[in-house]
Amino acid sequence: MKRIVQLQQDNNQSSRARSRSSLYGLLFLLFSTLAWCQESGPRTVYLAGSGNPALDQHMTRLLGDALGEDTSVRPLTNGQTATPDDAPIVTIGPSAFSRVRQANRRAPILAMLVERSFIKDYAARNPGQISAVYYDVPLELQALIGKAVLPQATKVAILASTETAGLYEPVVDELPAMGLQPRVFIIDTQQDLIPTLVRALSYGDFLLAGPDDRIYNPSTIKHILLTTYRRNRIVIGPSQAYVKAGSLASGYAPFPAMAKAAADQLHHYFANGELPAPDYPDQYSVEINSQVARSLNIPLPDKETLQRDLDQARAQYGSSRE
């Protein structure tokens with residue numbers, strides 16, 4: 001009888017042990033599921049606007065579409081510069097970046113609509129914390145546009161100030177592989193602008209304009225363009241806005257392409273806890289001024305053909321560099 005009682009007690013203890021083990025397993029599974037839901041749940045990106053409501057709303061919509069439904073984009077409001085759980089901040093334009101950066105030195109910031117020359121030092125000093133999608137167009141791409149517009153071109157003239165001459169060194173080394181011989185003409189003072197430009201136009205088949213505000217700005221562009229036209233030469237670059245002013249053509253990154261590049265960087269941040277290095281978008285379009293082309297008797301292909309020729313030239317050029 002005692003033996004039967006002992007067996008029953010052993011069975012009860014074993015049953016209770018199994019029950020506790022099952023309960024612990026269920027609790028572990030529950031906590032694991034909750035943790036996974038928190039990690040993979042909705043994420044938030046904050047946006048510091050440029051002050052232009054139409055632009056900021058447009059970029060917010062494009063960025064939200066590119067990020068997907070699991071990530072929301074919220075504006076920073078009322079001077080806000082800190083975010084819950086150190087969520088990343090996207091800044092639109094250099095003023096928004098400077099405002100957020102000076103108010104919050106710890107925030108992870110992805111800068112948009114900023115030029116490489118503006119952001120590169122910040123990013124170099126703060127890798128993983130500060131990154132950007134560059135707004136300016138790579139100079140080699142602008143040179144390829146010039147070559148597509150003028151297939152017979154062999155020489156490229158470049159204007160640079162003493163302070164910005166280093167900006168052009170990489171492209172000067174790369175252009176010979178594209179069949180173009182570059183020469184940089186240095187401007188020391190504003191009085192030297194037109195005389196130096198005349199010498200540059202005597203050398204180059206076209207003028208390659210870079211993102212150099214010391215040379216290309218609202219007070220100088222009219223004089224540069226008039227002088228160039230009078231010598232039957234064209235200006236390529238430095239941006240889409242200058243094409244409207246009178247440059248013949250320029251590359252530009254469409255806003256959806258910039259939003260996609262920003263979304264890719266933010267996905268990297270959420271996956272790895274740090275932002276990747278700044279980079280250019282991987283898609284560009286071409287803006288052309290047909291009126292300028294007609295006035296200089298330059299036959300232009302339609303925009304679609306020019307875009308296709310540029311894409312082919314980029315592929316060929318990229319292959320030659322690898």
Side-chain angles (χ1 to χ4, degrees), residues 40-78 80-81 83-101 107-116 118-120 122-123 129-138 141-142 211 237-244 250-272 274-288 303-304 307 310-311 314:
S40 62
R43 299 172 300 198
T44 302
V45 171
Y46 288 83
L47 187 138
S50 65
N52 182 327
L55 173 63
D56 296 340
Q57 291 173 11
H58 186 53
M59 293 304 299
T60 298
R61 181 179 61 80
L62 290 175
L63 185 58
D65 291 344
L67 284 167
E69 295 181 355
D70 63 339
T71 305
S72 62
V73 181
R74 297 181 181 177
L76 292 179
T77 57
N78 300 323
Q80 177 187 1
T81 56
T83 60
D85 301 324
D86 292 327
I89 300 174
V90 175
T91 59
I92 306 299
S95 295
F97 171 83
S98 297
R99 183 173 68 252
V100 173
R101 173 62 179 167
I109 303 175
L110 175 60
M112 298 186 69
L113 304 191
V114 296
E115 295 182 349
R116 181 178 180 273
F118 172 83
I119 201 70
K120 65 177 183 178
Y122 289 103
Q129 181 193 4
I130 293 179
S131 189
V133 177
Y134 296 138
Y135 183 53
D136 50 310
V137 182
L141 175 64
Q142 300 283 37
S239 69
Q240 189 179 15
Y242 280 94
V243 176
K244 294 177 173 61
S250 178
Y252 69 95
F255 281 148
M258 288 188 284
K260 179 182 180 301
D264 289 344
Q265 293 213 21
L266 291 167
H267 286 146
H268 183 279
Y269 174 83
F270 286 122
N272 300 280
E274 61 180 17
L275 290 165
D279 205 354
Y280 292 98
D282 59 5
Q283 178 186 350
Y284 285 92
S285 296
V286 182
E287 183 80 8
I288 57 176
K303 189 172 182 179
E304 290 73 18
Q307 182 73 52
L310 175 61
D311 292 341
R314 288 182 66 191

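All values below come from the heavy atoms of this structure, side chains included, with hydrogens, waters and symmetry mates left out.
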Practice prompt. Determine, using ring centers only, whether Tyr122 and Phe97 are less than 6.0 Å apart.
Written response: yes
Worksheet item: Going from CE on Met112 to CG on Leu63, what distance comes out if it is rounded to the nearest 0.5 angstrom?
Response: 6.5 Å
Worksheet item: For the atom pair OG1 (Thr60) and CD1 (Ile92), what is the distance rounded to the nearest 0.5 Å?
Response: 7.0 Å
Practice prompt. State, with a plain yes or no, whether a side-chain heavy atom of Asp56 is found less than 4.5 Å away from one of Pro75.
Written response: no
Worksheet entry | 4.5 Å side-chain heavy-atom contact, Val90 and Val73 | no
Practice prompt. Mind listing the closest non-hydrogen atom pair of Ala132 and Gln265 along with its distance?
Written response: O-NE2, 3.1 Å
Discussion item. Please identify which of these residues, Gln240, Gln142, Glu287, meets the side chain to side chain donor-acceptor pair (under 3.5 Å) condition with Ser250.
Written reply: Gln142
Worksheet entry | Interatomic distance, Leu67 atom CG to Thr44 atom OG1 [nearest 0.5 angstrom] | 10.5 Å
Worksheet item: If you take all heavy atoms of Phe118 and Pro94, which pair is closest and at what distance?
Response: CZ-CB, 3.6 Å
Discussion item. Does any part of the side chain of Ile119, heavy atoms only, come nearer than 4.5 Å to the side chain of Tyr135, both counted from C-beta?
Written reply: no
Practice prompt. State the OG1-NE2 distance between Thr71 and His267, to the nearest 0.5 angstrom.
Written response: 5.0 Å
Item to complete: Check the pair Leu55 / Phe255 against side chain to side chain contact (heavy atoms under 4.5 Å, CB included), numbers first and verdict last.
Response: CA-CA 10 Å; Leu55 173 63; Phe255 281 148; 3.9 Å; yes
Worksheet entry | Student check: side-chain heavy atoms of Asp70 and Arg43 closer than 4.5 Å | yes
Worksheet item: Under 4.5 Å between any side-chain heavy atoms of Ser131 and Tyr269, yes or no?
Response: no
Discussion item. Can you confirm whether Tyr242 is buried at OH, in the sense that more than 12 heavy atoms of other residues, nucleotides or ligands lie under 6.0 Å from that atom?
Written reply: yes
Discussion item. Restricting to non-hydrogen atoms, name the atom on Ala96 and the atom on Ala48 that form the minimum distance, rounded to 0.1 Å.
Written reply: CB-O, 3.6 Å
Practice prompt. For Arg61, enumerate each residue passing the salt bridge (Lys or Arg N to Asp or Glu O under 4.0 Å) test, keeping only those at least two apart in sequence or located in another chain.
Written response: Asp65
Worksheet item: Residues in salt bridge (Lys or Arg N to Asp or Glu O under 4.0 Å) with Asp279, at least two apart?
Response: none
Worksheet entry | Value rounded to 0.5 Å, distance of CD1 in Ile130 from CG in Leu110 | 10.5 Å
Worksheet item: What's the shortest heavy-atom distance between Pro238 and Pro211, and which atoms?
Response: CB-N, 4.2 Å
Worksheet item: Would you say Tyr280 and Val137 make side-chain contact, with heavy atoms under 4.5 Å?
Response: no
Response to the item:
Smallest heavy-atom separation, Ala87 atom then Pro108 atom, equals O-CG, 4.0 Å
Worksheet item: Which heavy atom in His268 sits nearest to a heavy atom in Pro276, and how many Å separate them?
Response: ND1-CD, 3.5 Å
Response to the item:
Exactly one candidate in Leu47, Val100, Val45 meets side chain to side chain contact (heavy atoms under 4.5 Å, CB included) with Ile89; the answer is Val100
Practice prompt. Without swapping roles, check the side chain of Asn272 against the backbone of Glu274 for a donor-acceptor pair under 3.5 Å.
Written response: no
Fill in: From CA spacing to verdict: side chain to side chain contact (heavy atoms under 4.5 Å, CB included), Met258, Leu113
CA-CA 9 Å; Met258 288 188 284; Leu113 304 191; 3.8 Å; yes
Worksheet entry | Side-chain donor or acceptor of Gln129 paired with backbone N/O of Ala107 under 3.5 Å | yes
Fill in: Results of salt bridge (Lys or Arg N to Asp or Glu O under 4.0 Å) for Asp264 - residues two or more places apart only
Lys260
